[in-house]
Amino acid sequence: MNISQSSEQASPTHCYPVYPLIDLSKPESKNDIVEACEEFGIFKVINHGVPVDFISRLESEAIKFFSLPLCEKERAGSSCPFGFGYGNKRIGTNGDVGWVEYLLMTINTEIGCNRISSIFGENPESFRSAVNDYLSAVKRMACQVLELMADGLRIQPRNVFSRLLMDEESDSLFRLNHYPPCPELQGFSDKNLVGFGEHTDPQIISFLRSNNTSGLQISLRDGNWISVPPDQNSFFINVGDSLQVMTNGRFNSVRHRVLANGVKSRISMIYFGGPPLKEKIAPLPSLVGGDQKSLYKEFTWFEYKKSAYKSRLADNRLLHFERIAAS
Ligand SMILES: C=C1C[C@]23C[C@@]1(O)CC[C@H]2[C@@]12CC[C@H](O)[C@@](C)(C(=O)O1)[C@H]2[C@@H]3C(=O)O
Ligand SMILES: O=C(O)CCC(=O)C(=O)O
Ligand SMILES: [Fe+2]
């Protein structure tokens with residue numbers, strides 16, 4: 001693919017104070033999490049408890065997989081529903097493209113796509129166990145973060161969010177992205193190539209870990225983009241659309257994108273924590289009250305997902321579920 005085909009010209013990036021860094025071992029982290037979700041919709045965590053060994057094992061398995069010849073990777077291909085499995089440049093099924101290849105998998109639900117079991121390439125057992133170890137540690141951290149969030153919001157029960165991800169029917173996804181270096185960018189600091197176009201994540205919350213290659217950017221409320229410097233030892237956690245709804249807009253699902261690099265490969269691994277398909281998503285009664293009205297209609301995660309998967313990456317998927325303010 002050449003650059004002109006794939007790159008919407010990305011709008012300029014600005015330098016701003018960085019989004020919050022939260023130390024999960026500190027008692028004040030519950031308030032910091034709430035503030036970060038209100039202000040930015042994203043924060044970085046340290047002391048997250050995910051063993052370094054789990055992270056590096058999965059990263060090497062991912063590198064091994066993405067280094068396979070294309071025809072072998074395509075065996076893990078995406079003739080599966082919703083584009084699960086291996087994908088290259090095409091994101092979703094509605095015409096979005098980016099300078100990226102990826103493996104997208106469901107976590108709990110059996111989607112009846114038996115290629116999923118073959119996505120782990122030549123050495124399925126070591127890849128599979130690396131994914132499982134990593135995900136069980138990340139889910140533990142997710143649970144901790146979501147319970148701290150409920151504490152910070154002073155809502156009960158404190159598992160009001162975490163139960164949705166811990167439910168055995170939770171519709172969560174896991175994605176490994178590989179952004180190869182793009183030689184055509186080398187030496188051109190003014191050229192941009194979109195790796196993963198701007199979007200918000202539809203789920204409740206996403207946990208992203210990347211190697212030390214830059215590329216991730218977030219959009220601030222004023223529309224300016226800022227770069228998120230990579231940090232391979234931390235996690236970046238972002239609010240998804242469903243959490244924006246549950247908090248009645250108090251938290252913001254952050255718009256983000258990834259720009260490709262001219263020299264270095266970027267590898268990212270993202271756990272998208274979603275609710276069970278039948279779960280009703282609506283503003284929590286304790287967060288709607290006084291003179292505050294509910295901003296969103298109630299919907300099931302299945303309904304949201306069905307509508308989200310018909311949309312283009314950059315669309316505002318929540319628009320359709322907003323309540324029209326009565327005059
Ligand atoms: C264009 C699309 C790709 C996407 C499904 C969608 O129709 C709109 C949302 C996209 C997104 C963004 C966050 C995650 O990467 C993702 C897996 C998700 O749940 O929603 C992707 C979807 C995808 O790549 O299939
Ligand atoms: O790869 C990344 O760093 C971010 C990708 C992303 O936002 C996504 O897959 O939803
Ligand atoms: Fe995303």
Side-chain angles (χ1 to χ4, degrees), residues 1-3 5-7 54-135 138 172-185 193-197 199 201 206-213 215-216 230 232 257-272 309 313:
M1 188 199 320
N2 67 41
I3 298 178
Q5 264 180 311
S6 73
S7 92
F54 288 8
I55 297 174
S56 42
R57 210 151 44 87
L58 182 54
E59 186 172 323
S60 356
E61 290 293 338
I63 292 171
K64 252 197 281 171
F65 176 82
F66 289 121
S67 311
L68 291 171
L70 186 61
C71 58
E72 283 189 45
K73 292 185 280 193
E74 281 175 340
R75 277 204 251 137
S78 54
S79 59
C80 310
F82 300 116
F84 290 129
Y86 175 73
N88 193 328
K89 297 186 181 97
R90 270 192 281 271
I91 300 172
T93 51
N94 305 317
D96 290 284
V97 289
W99 189 261
V100 64
E101 57 175 340
Y102 58 84
L103 266 177
L104 182 57
M105 13 188 155
T106 53
I107 296 184
N108 292 328
T109 41
E110 186 44 70
I111 57 160
C113 174
N114 48 27
R115 286 187 192 210
I116 288 288
S117 50
S118 65
I119 65 177
F120 295 116
E122 281 180 337
N123 194 347
E125 248 344 287
S126 62
F127 202 162
R128 199 195 310 271
S129 85
V131 170
N132 286 342
D133 289 347
Y134 176 85
L135 281 176
V138 170
S172 296
L173 298 178
F174 182 56
R175 175 169 213 140
L176 289 167
N177 287 330
H178 173 224
Y179 303 88
C182 175
E184 289 174 61
L185 289 175
L193 172 64
V194 175
F196 204 112
H199 65 282
D201 294 344
S206 313
F207 295 78
L208 180 150
R209 186 268 170 192
S210 77
N211 66 354
N212 254 347
T213 302
L216 181 64
Q232 59 185 357
R257 68 181 181 191
V258 179
L259 299 183
N261 193 293
V263 188
K264 289 171 70 191
S265 263
R266 175 176 167 90
I267 295 268
S268 60
M269 28 187 100
I270 308 125
Y271 163 63
F272 302 95
Y309 275 74
L313 201 50

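Taking 4.5 Å as the limit, some side-chain heavy atom of F127 sits within range of a side-chain heavy atom of L103. V258 is not listed as a side-chain neighbour of V100, based on a closest heavy-atom distance of 4.5 Å or more. Looking only at side-chain heavy atoms (C-beta outward), S268 and N177 come within less than 4.5 Å of each other. Counting heavy atoms from C-beta on, the side chains of P181 and N261 never come closer than 4.5 Å. Y86 is listed as a side-chain neighbour of L70, based on a closest heavy-atom distance under 4.5 Å. Between L259 and V194 the shortest side-chain heavy-atom distance falls below 4.5 Å. Under the 4.5 Å side-chain criterion, counting only non-hydrogen atoms from C-beta, F54 is not in contact with V138. Between R209 and Q232, some side-chain heavy-atom pair lies under the 4.5 Å cut-off.
Heavy atoms of other residues, nucleotides or ligands lying less than 6.0 angstrom from CZ of R90 number 12 at most.
To the nearest 0.5 Å, atoms CZ (F272) and OG1 (T106) are separated by 13.0 Å. Summarising the geometry, atom OH belonging to Y134 is positioned 6.5 Å from atom CG belonging to L58; distances are rounded to the nearest 0.5 Å. Between E61 atom CD and R128 atom CZ the span is 11.5 Å, to the nearest 0.5 Å. Atom CZ of F207 and atom CD1 of I270 lie 12.5 Å apart (nearest 0.5 Å).
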Side chain to side chain contact (heavy atoms under 4.5 Å, CB included) between L173 and I107, worked out: CA-CA 5 Å; L173 298 178; I107 296 184; 5.6 Å; no
Verdict with supporting geometry, L176 and M105, side chain to side chain contact (heavy atoms under 4.5 Å, CB included): CA-CA 9 Å; L176 289 167; M105 13 188 155; 4.1 Å; yes
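Every ring-ring contact (aromatic ring centres under 6.0 Å, His included) that F66 has, sequence neighbours left out, goes to H178. In terms of the salt bridge (Lys or Arg N to Asp or Glu O under 4.0 Å) criterion, R266 has no residue partners (sequence neighbours excluded). A search for ring-ring contact (aromatic ring centres under 6.0 Å, His included) contacts involving Y179 returns nothing, not counting sequence neighbours.
A donor-acceptor pair under 3.5 Å links the side-chain atoms of N211 to the main chain of S265, judged by distance alone. Using a distance-only test at 3.5 Å, with no hydrogens or angles considered, a donor-acceptor pair links the side chain of D96 to the main chain of L313.
Heavy atoms only, all atoms of each residue included: K73 and L68 are closest at CE-O, 3.1 Å. Considering every non-hydrogen atom in both P180 and W99, the closest pair reads O-NE1, 2.8 Å. Nearest heavy-atom pair, D201 versus S206, reported as atom, atom and distance to 0.1 Å: OD2-OG, 2.8 Å. Considering every non-hydrogen atom in both T93 and Y309, the closest pair reads OG1-O, 4.2 Å. Across A260 and L185, no two heavy atoms sit closer than the pair O-CD1, 3.7 Å.
Ring centroid separation for the pair Y102 and F196 does not come in under the 6.0 Å cut-off.
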